[in-house]
Amino acid sequence: MKILKENSNTAFLILPLIVLCMGQFGTSADNNFLAIGASAIISNLNANISDISLANSVYSLIAASFMIAGGLIAIVLKLKNTLRIGLVMISIGEFCLAFSPNITFFIWVGRVLTGLGASLLIPSVLGLVAAIYENKQRAIAFGFIGTATGIAKIFGMVVGGYIIDFFGFRFAFAILGFYFIIVLIMSIFIPQTSTENKKIRFDFIGTIIASLGLFLFVIGINKISVWGLITPIKPPFEFFGISPALLSILIGIILLTILIPIEKKIEEKHGSALLPKSFYSNPAVRNGLYGCAMVFGGLGAIIIVIDPFFMLVAGFSAGQTGIAVLPASIMMILFSMGVPKLFPDINRQLAIRIAYVSFIIGFILCGFGMEANGVNMLMYIGLSFCGAAMGILTSQADSVVANSVNKRDAQQSGGIQATTRNIGESIIIALLGMFLTFMLPLHYSNTIQKQPISEETKNFLHDKKFRFMSNQQFNSLISNQNPSDQSILKNAYISDRLHISKIAMFFAAFIAFLSLFGTSHIPKFHTKQE
């Protein structure tokens with residue numbers, strides 16, 4: 001296993017890293033399979049787009065709620081053991097997805113099991129990187145983990161898209177089930193690691209508060225487009241005339257806030273906690289976690305805005321959409337591998353700032369790359385900048401977090417890093433999704449009131465909410481209206497759809513700009529030990 005030598009006396013272990021990258025690859029491919037296979041799942045399981053949204057939400061909720069706990073479980077049960085448990089659970093989950101008799105089983109059995117498996121698998125992968133590799137080798141290893149995510153993006157969106165197009169979603173998820181079994185077998189190449197000789201106490205109180213707080217926060221964020229932020233749309237209940245989404249978000253924030261003093265007392269008393277003090281008191285760790293959040297935030301922007309634009313506006317198939325986003329995947333791979341290898345002593349603060357600027361440029365170019373019924377070359381250039389940003393952040397942010405704490409906390413940090421990524425993706429998807437869910441119908445409603453159409457058509461449109469959809473879907477909705485009005489309605493919708501999509505991308509650029517203010521405490525250079 002000791003194949004590649006670095007500029008130290010320690011050999012770089014190749015086989016363990018391959019196995020860890022395979023684990024990261026599988027979880028990323030799973031999410032991409034669900035995104036690209038949405039239409040096939042809807043057709044085969046008699047589902048609808050709300051069911052697919054729920055399937056995404058359930059996975060995100062389970063994973064985000066339990067990943068911090070997964071980081072501590074990995075320390076208590078040992079990282080390698082927890083990795084294997086996660087692999088078994090996620091493999092069973094994939095087979096449940098493949099053989100689902102209906103959408104209810106698909107969501108509440110398959111997606112729940114994959115979410116629970118991921119909440120153990122991903123923190124273990126990141127924790128093992130921190131445990132097995134040190135100094136400059138750690139940055140290189142984290143870069144390869146990021147590369148696995150980029151490759152999974154290619155596989156999930158391109159190969160996965162064509163597998164689903166020709167063989168169906170069941171075959172695709174079954175392949176992933178067997179894949180995780182292979183990774184489980186290959187885990188024999190991962191060395192057993194340990195932190196301290198003394199037994200680590202599991203923090204039940206912190207786990208309950210953190211899981212509940214994260215659950216309420218993430219479900220509130222995810223359900224804004226369905227329940228409404230303040231004014232209720234279709235909520236399960238109302239709270240004094242207000243949407244429960246806002247209430248859920250606020251309670252989640254309150255629970256996560258009171259978690260900090262509770263964890264401080266638990267750590268002082270027992271020497272360990274679900275959320276060690278170093279995770280929230282160290283400004284370098286906080287800044288590093290911002291970077292972790294923006295990695296999946298960038299992926300979230302592609303998933304919620306760009307992928308639907310390719311499929312619904314440009315008319316791309318699942319496989320074609322996967323090919324279209326290749327620039328982001330390729331650049332993510334090149335930069336996540338290349339930066340730590342070619343520039344091992346890079347100024348970390350400068351690198352992360354360059355990544356945020358690359359996001360800003362990329363999102364703006366993607367916005368200008370959108371056209372009324374397709375895309376132009378600026379879209380692909382913009383995706384390249386976004387991919388470069390994700391690659392740089394992947395190679396640096398995880399390393400900043402792991403190298404800013406002691407060794408045991410570094411191994412446990414996989415949970416907080418993974419949770420931060422999921423929260424970052426959820427927030428970006430929720431914020432940008434609001435533009436497509438709320439702003440488009442509102443903007444279109446105002447537009448058509450100014451159009452020279454008949455009163456009969458205006459009455460028909462009065463209570464209609466025209467959300468983001470393809471030209472064909474829109475034509476079907478207005479097919480019974482006055483023929484002379486249909487052309488006006490369609491042209492107005494196409495124009496407003498483009499306008500709101502551009503705004504969503506420019507808003508993503510603004511979020512990336514705000515991230516620049518979270519870089520002041522990132523260490524500029526490596527220590528002598530590194």
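Note that these values count all heavy atoms, side chains included, but never hydrogens, waters or copies made by symmetry.
- In this view, Asn373 and Asn471, Ile494, Arg497 satisfy the side chain to side chain contact (heavy atoms under 4.5 Å, CB included) rule, not counting sequence neighbours.
- Within the structure, no pair that satisfies the salt bridge (Lys or Arg N to Asp or Glu O under 4.0 Å) test touches residues 429-441, not counting sequence neighbours.
- In plain terms, the two heavy atoms of Phe180 and Gly23 that are nearest each other are CE2-O, 4.3 Å.
- For residues 376-392, the set of pairs meeting the salt bridge (Lys or Arg N to Asp or Glu O under 4.0 Å) definition, not counting sequence neighbours, is empty.
- Taking the side-chain hydrogen bond (donor to acceptor under 3.5 Å, both in side chains) definition, one finds that Ser100 meets it with nothing, sequence neighbours left out.
- Taking the side-chain hydrogen bond (donor to acceptor under 3.5 Å, both in side chains) definition, one finds that Arg84 meets it with Ser187, sequence neighbours left out.
- Ile85 is linked by a side chain to side chain contact (heavy atoms under 4.5 Å, CB included) to Leu77, Met89, Leu120, counting only residues two or more places apart in sequence or in another chain.
- The aromatic ring centroids of Tyr444 and Tyr493 lie less than 6.0 Å from each other.
- Evaluation of the side-chain hydrogen bond (donor to acceptor under 3.5 Å, both in side chains) test over residues 102-111, restricted to residues two or more places apart or in two chains, returns Asp30-Arg111.
- Of all the heavy atoms in Ala55 and Phe106, the pair that sits closest is CB-CE2, 4.2 Å.
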Could you give me the CA-CA distance, side-chain angles and deciding distance for Phe95 and Phe178, then say whether ring pair (Phe, Tyr, Trp, His ring centres under 6.0 Å) is met? CA-CA 8 Å; Phe95 286 120; Phe178 285 112; 5.0 Å; yes
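- Applying the side-chain hydrogen bond (donor to acceptor under 3.5 Å, both in side chains) rule to Glu371 yields the partners Asn376; only residues at least two apart in sequence or on another chain are considered.
- For residues 92-106, no residue pair satisfies the salt bridge (Lys or Arg N to Asp or Glu O under 4.0 Å) rule, not counting sequence neighbours.
- Below 30°, between 30° and 60°, or above 60°: for His443 and His499 the angle between ring planes is between 30° and 60°, a tilted geometry.
- Nearest heavy-atom pair, Val305 versus Ala504, reported as atom, atom and distance to 0.1 Å: CG2-CB, 4.2 Å.
- Ring to ring, Phe309 and Phe316 are not that close: their centroids are 6.0 angstrom or more apart.
- Heavy-atom minimum distance, Gly93 versus Leu113: CA-CB, 3.7 Å.
- When each of Ile163, Ile164, Leu97 is paired with Phe173, the side-chain contact (heavy atoms from CB on, under 4.5 Å) condition holds for Leu97 and for no other.
- The aromatic rings of Phe25 and Tyr179 sit tilted relative to each other, their planes meeting at an angle between 30° and 60°.
- Under the side chain to side chain contact (heavy atoms under 4.5 Å, CB included) criterion, Leu334 pairs with Ile330, Met331, sequence neighbours left out.
- Partners of Ser470 under the side chain to side chain contact (heavy atoms under 4.5 Å, CB included) rule, at least two apart in sequence or in another chain, are Leu312, Gln472, Gln473.
- When the side-chain hydrogen bond (donor to acceptor under 3.5 Å, both in side chains) test is applied to Thr114, no partner is found at least two apart in sequence or on another chain.
- Phe510 has its ring centre no less than 6.0 Å from the ring centre of Phe506.
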